[in-house]
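Since the model is a prediction, treat every value here as computed from it, not as a measurement. A note on names: the letters A, B, ... follow the listed sequences, proteins ahead of strands, and every chain is numbered from 1.
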Amino acid sequence: MTPYTERVVEIIKAIPRGRVMTYGQVAELAGSRRGARQVAWILHSLSEACGLPWHRVVSSKGCVAVKDEEARYTQILLLQNEGVEVDEQGRMDLHKTQYFPSPETEKRG
DNA sequence: AAATTGACGGGTG
DNA sequence: CCACCCGCCAATT
């Protein structure tokens with residue numbers, strides 16, 4: 001587990017229920033503005049993802065990005081259970097659901 | 001060190 | 001709105 005990965009994990013863990021963040025947003029807060037794909041790679045790689053609200057991370061287009069149909073539906077259901085309006089294609093309104101953490105919040109952890 | 005992987009982002013037609 | 005392409009960067013092999 002590298003420091004960068006730990007940053008990403010901490011940021012994702014700080015996403016409140018019923019809200020989402022984009023990969024790019026997480027990457028930027030973790031210190032890499034163009035590191036959206038790295039965040040995706042980390043989420044894919046992390047088997048310890050159990051315990052992480054990984055389902056609260058979506059693409060910038062406002063849709064679920066997971067490829068595996070099973071995991072994809074799981075993410076959609078988890079979000080719906082938190083009150084997020086997601087359609088069958090995994091699309092939602094980022095204007096309603098996107099979470100913008102306070103600078104102090106991410107600093108303290 | 002080079003190639004590969006990956007759940008991205010933004011622009012274009 | 002949708003399909004497609006290219007650039008981006010870290011971890012893994």
Taking atom [atom2] of [N] as reference, at what distance in whole Å does atom [atom1] of [X] sit?
X       : N     : atom1 : atom2 : value
A:Tyr23 : B:dC8 : OH    : P     : 6 Å
A:His44 : B:dA7 : NE2   : C1'   : 9 Å
A:Met21 : B:dC8 : CE    : C1'   : 14 Å
A:Leu79 : B:dA7 : CG    : C1'   : 13 Å
A:Gln25 : C:dC8 : CD    : P     : 22 Å
A:Leu46 : B:dG6 : CG    : P     : 14 Å

Contacts under 3.5 Å, N or O only, protein and nucleotides 5-7 of chain C:
residue, atom, partner, partner atom, Å
C:dG7, O6, A:Arg37, NH1, 3.2

ask   = According to the salt bridge (Lys or Arg N to Asp or Glu O under 4.0 Å) rule, which pairs have a member within residues 55-66 of chain A, sequence neighbours left out?
value =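 For residues 55-66 of chain A, and leaving out neighbouring residues, the salt bridge (Lys or Arg N to Asp or Glu O under 4.0 Å) pairs sorted by first residue read A:Arg56-A:Glu82.
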
Evaluate the side-chain proximity of [Y] to [X]: yes if any heavy-atom separation is below 4.5 Å, no if none is.
X       : Y       : value
A:Tyr4  : A:Val39 : yes
A:Cys63 : A:Val58 : no
A:Val8  : A:Gln38 : no
A:Tyr23 : A:Leu43 : yes
A:Met92 : A:Glu85 : no
A:Val86 : A:Gln75 : no

Please give me the minimum heavy-atom distance between [X] and [Y], naming the atom from each residue.
X       : Y        : answer
A:Arg17 : A:Asn81  : NH2-O, 3.2 Å
A:Ala36 : A:Ala27  : N-CB, 3.6 Å
A:Tyr99 : A:Gln25  : O-NE2, 2.8 Å
A:Pro53 : A:Ile12  : CG-O, 3.2 Å
A:Leu29 : A:Pro101 : CD1-CG, 3.6 Å

ask   = Measuring from A:Leu46:CG to A:Trp41:CH2, what's the distance to the nearest 0.5 Å?
value = 8.0 Å

inquiry  = If I take atom CD from residue A:Gln89 and atom CZ from residue A:Arg72, how far apart are they, to the nearest 0.5 angstrom?
reply    = 8.5 Å

message = What I want to find out is whether A:Arg7 reaches A:Glu10 closely enough, with some N-O distance under 4.0 Å, to be called a salt bridge.
response =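 The answer is no: the pair does not qualify as a salt bridge.
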
Using a cut-off of under 3.5 Å, enumerate the N/O to N/O pairs linking the protein to nucleotides 10-13 of chain C.
residue, atom, partner, partner atom, Å
C:dA11, OP1, A:Thr2, OG1, 2.6

message = Does A:Gly35 reach a base, just sugar-phosphate, or nothing at all? Heavy atoms under 4.0 Å.
response = nothing

task = Ignoring hydrogens and angles, tell me if any N or O in the side chain of A:Gln98 forms a donor-acceptor pair with the backbone of A:Gly62 under 3.5 Å.
result =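 Such a contact is absent between A:Gln98 side chain and A:Gly62 backbone.
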
remark   = Here DNA chain C, pairs taken as Watson-Crick or G-U under 3.5 Å and shown with ( ), [ ] when crossing and | when to another strand, reads .||||||.|||||

ask   = What are the residues of residues 54-69 of chain A, sorted by number, that bring a heavy atom to within less than 4.0 Å of DNA chain B?
value = A:Trp54, A:Ser59, A:Ser60, A:Lys61, A:Ala65, A:Val66, A:Lys67

Residues from residues 89-98 of chain A lying under 4.0 Å of DNA chain B - heavy atoms = none

